[in-house]
Amino acid sequence: DTGVSQDPRHKITKRGQNVTFRCDPISEHNRLYWYRQTLGQGPEFLTYFQNEAQLEKSRLLSDRFSAERPKGSFSTLEIQRTEQGDSAMYLCASSFQPSAGANVLTFGAGSRLTVL
Amino acid sequence: AQSVTQLGSHVSVSEGALVLLRCNYSSSVPPYLFWYVQYPNQGLQLLLKYTTGATLVKGINGFEAEFKKSETSFHLTKPSAHMSDAAEYFCAVSRFYNQGGKLIFGQGTELSVKP
């Protein structure tokens with residue numbers, strides 16, 4: 001178990017550019033979540049996958065955002081035409097969701113995006 | 001809808017003093033409750049969780065929390081603060097495992113520990 005890995009850890013880009021973040025979850029985990037965290041705030045849910053299916057997207061996820069988990073393993077989060085308001089920490093988490101009971105998320109260290 | 005309120009965005013205690021971080025939740029059904037800790041430049045780490053059963057939950061690093069349904073609270077405590085406890089602490093709620101099981105977080109409480 002190597003934990004949840006995120007890449008890159010830091011990304012600085014100019015407004016209008018596209019960026020992509022990658023998340024490698026814990027291998028046996030069937031669920032994968034993306035959260036966004038801005039300074040001084042708690043993480044906000046963006047979207048989640050069960051295996052390769054994207055089952056829910058937050059209203060925070062505008063049309064410029066797209067997430068994929070093509071083979072049910074790693075996931076990518078792409079932001080097109082970045083805006084300064086997209087500057088945040090993007091957190092990935094994974095879990096093995098049983099049929100019932102609490103869903104315990106394991107988080108990666110995050111990818112920090114700075115849009116100039 | 002579920003929500004979490006953490007009272008106090010910043011708490012400062014002296015080393016060796018009691019740590020008390022407050023969390024109140026709103027949920028129409030019995031919730032699952034969590035405390036996570038975040039150290040600088042690191043991801044969130046689970047401290048403890050309440051699902052069912054015993055309402056006093058013990059976690060890592062000497063922390064514990066008590067689920068009080070009547071008060072809709074899940075406050076985090078530690079009898080004696082250590083310098084290494086300085087971090088950001090987040091309370092979170094979830095319930096609907098068949099609707100994603102996602103966590104809803106509070107805004108966080110930054111804990112400072114003075115020597």
Side-chain angles (χ1 to χ4, degrees), chain A residues 2-10 21 23-26 29-51 53-61 89-112, chain B residues 1-10 21 23-25 27 29-54 57 59-60 67 74 87-110:
Chain A
T2 57
V4 178
S5 299
Q6 293 189 244
D7 183 71
R9 292 291 310 279
H10 299 95
F21 300 114
C23 172
D24 287 89
I26 294 172
H29 284 184
N30 59 349
R31 286 196 173 173
L32 187 147
Y33 300 79
W34 285 99
Y35 281 79
R36 182 174 69 187
Q37 185 179 20
T38 53
L39 198 62
Q41 300 297 316
E44 297 172 295
F45 170 78
L46 292 178
T47 188
Y48 91 96
F49 294 82
Q50 178 154 319
N51 300 314
Q54 188 174 19
L55 297 186
E56 185 178 350
K57 294 192 292 185
S58 163
R59 289 174 297 175
L60 294 175
L61 213 65
M89 177 77 84
Y90 290 86
L91 298 169
C92 178
S94 69
S95 70
F96 178 74
Q97 173 65 70
S99 58
N103 184 28
V104 180
L105 274 60
T106 301
F107 283 83
S111 293
R112 182 171 296 284
Chain B
Q2 295 175 309
S3 65
V4 174
T5 301
Q6 291 184 239
L7 300 177
S9 59
H10 186 260
L21 305 182
C23 172
N24 288 88
Y25 68 90
S27 179
V29 296
Y32 296 143
L33 295 160
F34 305 79
W35 276 98
Y36 280 82
V37 60
Q38 186 177 34
Y39 298 101
N41 300 315
Q42 295 186 29
L44 283 76
Q45 179 183 0
L46 180 68
L47 272 179
L48 50 79
K49 67 181 186 292
Y50 168 78
T51 55
T52 58
V57 180
I60 62 172
F67 170 61
F74 191 58
E88 186 100 26
Y89 291 80
F90 294 96
C91 182
V93 63
S94 79
R95 175 59 184 180
F96 298 107
Y97 64 87
N98 61 341
Q99 295 181 17
K102 63 180 182 287
L103 299 183
I104 307 299
F105 286 89
Q107 70 272 34
T109 299
E110 183 180 359

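- A 6.0 Å sphere centred on CD1 of I60(B) holds more than 12 heavy atoms belonging to other residues, nucleotides or ligands.
- Interface remark: E88(B) contributes no atoms to any contact with chain A (heavy atom separation under 4.5 Å).
- Taken to the nearest 0.5 Å, the CG atom of L103(B) stands 10.0 Å off from the CZ atom of F45(A).
- Under the 4.5 Å side-chain criterion, counting only non-hydrogen atoms from C-beta, Q42(B) is not in contact with F107(A).
- The two atoms that bring Q41(A) and F90(B) nearest to each other are O-CE2, 3.7 Å, heavy atoms only.
- Using a 4.5 Å cut-off between heavy atoms, E44(A) does not touch chain B at all.
- For the pair K102(B)/Y35(A), a side-chain contact is recorded, criterion being any heavy-atom separation below 4.5 Å from C-beta on.
- Heavy atoms closer than 4.5 Å to chain A are found in the side chain of L46(B), but not in its backbone.
- Between chain B and the options A109(A), G42(A), C92(A), P43(A), heavy-atom pairs under 4.5 Å are most frequent for P43(A).
- For Y50(B), no part sits under 4.5 Å from any heavy atom of chain A, backbone or side chain.
- In this structure, the portion of R9(A) lying under 4.5 Å from any heavy atom of chain B is its side chain and not its backbone.
- In this structure, the side chain of Y36(B) engages the main chain of L105(A) through a donor-acceptor pair within 3.5 Å.
- Considering only residues two or more places apart in sequence or on other chains, Y90(A) meets the ring-ring contact (aromatic ring centres under 6.0 Å, His included) condition with F21(A).
- Looking only at side-chain heavy atoms (C-beta outward), V104(A) and F34(B) come within less than 4.5 Å of each other.
- For N41(B), the CG atom counts as loosely surrounded, since its 6.0 Å shell holds 12 or fewer non-hydrogen atoms of other residues, nucleotides or ligands.
- With chain B as partner, the option from R112(A), Q37(A), M89(A) having the largest number of non-hydrogen pairs under 4.5 angstrom is Q37(A).
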